[in-house]
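Computed from heavy atoms alone, side chains included, the values below leave out hydrogens, waters and symmetry copies.
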Amino acid sequence: PTEAKKKEAERIKAVLRTGLGDADKGKLQFTARCALCHKLFGEGGTLSPDLTGYDRANVDFWLDNLFNPSMEIREGFGAYIVKTKSGQFLTGLIDAQDANGIVIKDMASNKTPVKQADIEKLEASPISLMPEGLTTGMSDADLKDFFAYLMKK
């Protein structure tokens, strides 16, 4: 983690020490920032892990994953980079694979089939598909609401 990330994590911890906000408002933050990929409480996308069963009461868990999403990439959710023989690059999850080729699913859940004969290079990416800085632009009240929803029992 960079010094800036550490500072921002400490700032958020200080904000949260004064209490959590409104989980219903926090759900709006989650929907706007996370639900395209992640599911929580049965709602959201499936491109990334379902967050419901995680240690959601642990602020450090959330901050580690928000600020360093590539630190630990859960099995089955690692991104791949495909270079085709025509020079095209595709990045996403492998949605399907057989002897004929693969299907890559991108961040928008678009699926692109690639024939095995067309693949020049296929490699696992060490970088998570989850972007960093998801809390950028959030006010203290937004953060309290967001974490109230994430940490809700």
Side-chain angles (χ1 to χ4, degrees), residues 1-2 4-5 8-9 12 16 20-139 142-153:
T2 65
K5 288 179 187 178
E8 182 61 8
I12 291 172
L16 299 179
L20 295 175
D22 182 330
D24 290 335
K25 289 180 183 176
K27 181 179 179 180
L28 298 174
Q29 294 287 342
F30 178 83
T31 299
R33 296 168 187 268
C34 311
L36 178 66
C37 298
H38 288 283
K39 187 175 284 196
L40 183 58
F41 307 124
E43 296 180 32
T46 58
L47 190 62
S48 298
D50 183 334
L51 301 174
T52 309
Y54 282 85
D55 183 12
R56 292 180 302 96
N58 181 345
V59 173
D60 289 323
F61 162 78
W62 290 117
L63 295 175
D64 285 347
N65 285 284
L66 283 166
F67 288 106
N68 302 297
S70 297
M71 180 175 65
E72 182 180 339
I73 300 172
R74 187 165 162 203
E75 187 176 336
F77 295 96
Y80 285 83
I81 302 166
V82 180
K83 181 180 180 190
T84 66
K85 291 179 180 173
S86 66
Q88 181 183 20
F89 283 90
L90 301 166
T91 301
L93 303 178
I94 294 180
D95 189 62
Q97 184 173 18
D98 62 22
N100 297 318
I102 60 173
V103 176
I104 291 287
K105 182 166 67 170
D106 67 17
M107 291 288 290
S109 292
N110 296 315
K111 296 179 181 182
T112 305
V114 184
K115 292 179 181 175
Q116 189 66 41
D118 295 334
I119 297 173
E120 180 177 316
K121 188 174 187 181
L122 172 66
E123 62 185 357
S125 173
I127 308 296
S128 171
L129 289 175
M130 182 172 152
E132 293 185 14
L134 289 173
T135 57
T136 301
M138 293 175 82
S139 68
D142 290 340
L143 288 166
K144 287 178 175 221
D145 295 342
F146 181 59
F147 280 88
Y149 181 68
L150 293 176
M151 298 168 80
K152 167 174 127 167
K153 293 182 183 194

- Note on the structure: Separation between OG1 (Thr135) and CG (Leu143), nearest 0.5 Å, reads 6.0 Å

- Query: Are Leu16 and Trp62 close enough that some pair of their side-chain heavy atoms sits under 4.5 Å apart?
  - Reply: no

- OG/Ser139 to CD/Gln29 distance, rounded to the nearest 0.5 angstrom? 7.5 Å

- Query: Do Asp145 side-chain atoms and Asp22 backbone N/O form a donor-acceptor pair below 3.5 Å?
  - Reply: yes

- Task: Flag the pair Val103 / Ile94 as yes when at least one side-chain heavy-atom distance between them is below 4.5 Å, and no otherwise.
- Result: no

- Inter-residue atom distance Tyr80.OH - Lys121.NZ, 0.5 Å rounding: 14.5 Å

- Heavy-atom side-chain contact between Asp106 and Thr112 under 4.5 Å: no

- Note on the structure: Between the CG atom in Leu122 and the CD1 atom in Ile104, the distance rounded to the nearest 0.5 Å is 6.5 Å

- Taking C-beta and beyond as the side chain, do Thr91 and Met107 meet within less than 4.5 Å on heavy atoms? no

- Flag, side chain of Lys27 to backbone of Tyr149, donor-acceptor distance under 3.5 Å: no

- Task: Go through the steps to decide whether Met151 and Val59 satisfy the test side chain to side chain contact (heavy atoms under 4.5 Å, CB included), and finish with yes or no.
- Result: CA-CA 8 Å; Met151 298 168 80; Val59 173; 3.5 Å; yes

- Query: Should the heavy atoms of other residues, nucleotides or ligands under 6.0 Å from NZ of Lys5 be counted, would the total exceed 12?
  - Reply: yes

- Item | Backbone of Met71 reached by a side-chain donor or acceptor of Asn68 within 3.5 Å | no

- Working to the nearest 0.5 Å, report the span between CG of Leu51 and NZ of Lys39. 11.0 Å

- Message: Please give me the minimum heavy-atom distance between Gln116 and Ala99, naming the atom from each residue.
- Response: CB-O, 3.8 Å

- In short, His38 meets Ser48 closest at the heavy-atom pair CE1-CB, 3.3 Å

- Hey, are the side chains of Glu8 and Leu66 touching, using non-hydrogen atoms and a 4.5 Å cut-off? no

- Query: Where is the tightest heavy-atom contact between Ser70 and Pro126, given as atom of each residue plus distance?
  - Reply: CB-O, 3.6 Å

- Close side-chain approach of Leu40 and Arg56, heavy atoms under 4.5 Å: yes

- Task: Might you confirm whether atom NZ of Lys85 has over 12 heavy atoms from other residues, nucleotides or ligands at distances under 6.0 Å?
- Result: yes

- Query: Is the closest side-chain heavy-atom distance between Phe77 and Leu129 below 4.5 Å?
  - Reply: no

- Task: Check whether any side-chain heavy atom of Ile102 sits under 4.5 Å from a side-chain heavy atom of Gln97, and report yes or no.
- Result: yes

- Approximate separation, where rounding is to 0.5 Å, of Leu150 CG and Phe61 CZ: 9.0 Å

- Note on the structure: What one should report as the nearest heavy-atom pair of Ser128 and Pro69 is CB-O, 3.4 Å

